[in-house]
Amino acid sequence: MIGRRTILAGLATSPLTPMLAQAAGGMAAPRIDRLDPALDRILAPDAQVKVIGRGYRWAEGPAWVPQGDYLLFNDPPSNILYRWTKAQGVTPFLSPSGLQTIVPEGIREPGLNGIAITPGGMLVGADSGTRAIVQIDLRTKQRTILADRYEGKRFNSPNDLCVAPSGAIYFTDPPYGLAQADESPLRELDFCGLFRLDPDDAVTLLDRSHRRPNGVGLSPDGATLYLALSDEKRPQVLAYPLDAKGQVGSPHLFLDMHAQLAAGEPGLPDGMDVAPDGHVFATGPGGVHVCAPDGRRLGVIRTGKAIANCCIGNTGKSLFLTSSDMLAVVPLRLS
């Protein structure tokens, strides 16, 4: 890792021409499959999926900003960060969101991907294009590169992250942002890692054994780190025990999605969010799999397309879904 560097990011000020994406698998109508009566405590029996934005190349990484009561989400291929409010709908917020230069050959996704909001209101993001973990001041748009290397070698393309109460950032580094993925000549690390970035800027490798580590989440007590594997041969969510220093132990299987993938459901395990009561909302084949803290699947929220990521917002009243070329929302009962 090198020292922190600060850059002023650009603010989007002009309208965009929407670029409609092809649906990533399936065109069925949105619906909620109720697999366990316990789902009614989280989603009302009459809850419905509502589309609130369309026209993105690939919607990703939603995060609720409690300091302003708005949602931020990304379109990594377009290098744009969007904002949604109930009053104004979706508007461009930051462009470019990630890579601040002309996109060089070999970069497939130049924009921010997974993001999170710190208790102090700062955005931290997995910047696929810059190949770094960055921090952005939402008031000034000032960017700071927190980490872009491990043992002197550049990351592949950081994809998703979550922030622990200690300030540590857990993140994944698959090659999705690189045009040639595993075969990219831009790669410097020969593995896809699960990492921890500490407040003192130290980067620790936690696991290098997975082919496609992706979404991450933390249990409310900070004792479990969840990791989604976007691997066609291993479509699973794992749970790692965490010690007091943030070091992981041996993981166990939390959720297996082989059956849903084999059935042709759209999507793979990807992003997730964890509710204050421990329920896990994990995207995967078919949609968002709503799970009890013990891994029991309670239901599946479907949009008819692959869902890349999700987040809880609006003081627990809403679950926002980034799904292929659209943004959707479902009412929750977590407040």
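- Remark: side-chain polar atoms of R187 are paired, donor with acceptor, to backbone N or O of L189 under 3.5 angstrom.
- In this structure, the separation between CG on D160 and CG on D270 is 7.5 Å, given to the nearest 0.5 Å.
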Test side-chain contact (heavy atoms from CB on, under 4.5 Å) on L332 and K317 and set out the steps. CA-CA 5 Å; L332 292 180; K317 297 184 180 71; 5.8 Å; no
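- Rounding to the nearest 0.5 Å places CG of L35 at 9.0 Å from NE2 of H289.
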Could you go through L229 and R212, starting from their C-alpha distance and side-chain angles, then the distance that decides it, and tell me whether this counts as side-chain contact (heavy atoms from CB on, under 4.5 Å)? CA-CA 6 Å; L229 304 179; R212 289 292 183 268; 5.9 Å; no
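- Atom SG of residue C291 and atom CG of residue L39 lie 10.5 Å apart, to the nearest 0.5 angstrom.
- Residues R211 and E232 form a side-chain contact, since some pair of their non-hydrogen atoms from C-beta on lies under 4.5 Å apart.
- Side-chain contact check for L71 versus C311: some heavy-atom pair is nearer than 4.5 Å.
- Looking at D190 and K153, no side-chain N of the basic residue comes within less than 4.0 Å of a carboxylate O on the acidic one, giving no salt bridge.
- Annotation: ring-ring contact (aromatic ring centres under 6.0 Å, His included) contacts of F320 (sequence neighbours excluded): W64, W84.
- What you find for P220 and V274 is that their closest heavy atoms are CD-CG1, 4.0 Å.
- Other residues, nucleotides and ligands place more than 12 heavy atoms under 6.0 Å from the CZ atom of R333.
- Looking only at side-chain heavy atoms (C-beta outward), L298 and H279 come within less than 4.5 Å of each other.
- Residues K245 and D198 are not paired through a salt bridge, judged by the lack of any N-O separation under 4.0 Å between the basic side chain and the carboxylate.
- Distance check: T144 OG1 to I133 CD1 gives 13.5 Å after rounding to the nearest 0.5 Å.
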Pair D137, M122 - check side-chain contact (heavy atoms from CB on, under 4.5 Å), show working. CA-CA 5 Å; D137 187 314; M122 301 292 281; 3.8 Å; yes
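- Under a 3.5 Å cut-off, the side chain of N113 and the backbone N or O of A126 do not form any donor-acceptor pair.
- Q247 is listed as a side-chain neighbour of T204, based on a closest heavy-atom distance under 4.5 Å.
- For the pair I115/I136, no side-chain contact is recorded, criterion being any heavy-atom separation below 4.5 Å from C-beta on.
- Linking Ile, Leu, Val, Met, Phe, Trp and Tyr whenever their side-chain heavy atoms come within less than 4.5 Å leaves M257 and V290 in two separate clusters.
- Residues R143 and T130 form a side-chain contact, since some pair of their non-hydrogen atoms from C-beta on lies under 4.5 Å apart.
- Listed here is the closest heavy atom pair of F155 and A132: CD1-CA, 4.5 Å.
- Contact of the L194 side chain with the V216 side chain is registered, since non-hydrogen atoms from C-beta on lie closer than 4.5 Å.
- Between atom CG of residue L268 and atom CD of residue Q260 there is a gap of 11.5 Å, rounded to the nearest 0.5 Å.
- Judged by distance alone, the side chains of N156 and D173 do bring a donor and an acceptor atom under 3.5 Å apart.
- Counting non-hydrogen atoms of neighbouring residues, nucleotides and ligands closer than 6.0 angstrom, the CD atom of Q48 reaches no more than 12 such neighbours.
- Distance OG1/T322 to OH/Y82: 13.0 Å, rounded to 0.5 Å.
- Contact detail for A47 and P331: the closest heavy-atom pair is CB-CG, 4.0 Å.
- Closest approach of P235 to L261, counting heavy atoms only: CG-CD2, 3.9 Å.
- A donor-acceptor pair under 3.5 Å is formed between the side chain of N79 and the backbone N or O of G98.
- Salt bridge D36/R41: absent, no basic N to carboxylate O contact under 4.0 Å.
- Between H210 and Y240, the two ring planes are perpendicular [angle over 60°; tilted spans 30° to 60°].
- Not a single donor-acceptor pair under 3.5 Å links the side chain of Y170 to the backbone N or O of L227.
- A salt bridge links R302 with E265: at least one charged nitrogen is closer than 4.0 Å to a carboxylate oxygen.
- Of all heavy-atom pairs between S318 and V329, the closest is CB-CG2, 3.8 Å.
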side-chain contact (heavy atoms from CB on, under 4.5 Å), that's the test. Do L112 and V134 meet it? Break it down for me. CA-CA 9 Å; L112 284 175; V134 301; 3.8 Å; yes
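- For G177 against S128, the heavy-atom pair with the smallest separation is CA-CB, 4.4 Å.
- Here the side chains of N309 and N74 are not in contact, with every heavy-atom distance at 4.5 Å or above.
- Relative ring orientation between Y150 and F191 is described as perpendicular, the plane-to-plane angle rising above 60° on a 0-90° scale split at 30° and 60°.
- For the salt bridge (charged side-chain N to carboxylate O under 4.0 Å, His left out) test, no residue two or more places apart in sequence or in another chain qualifies with D69.
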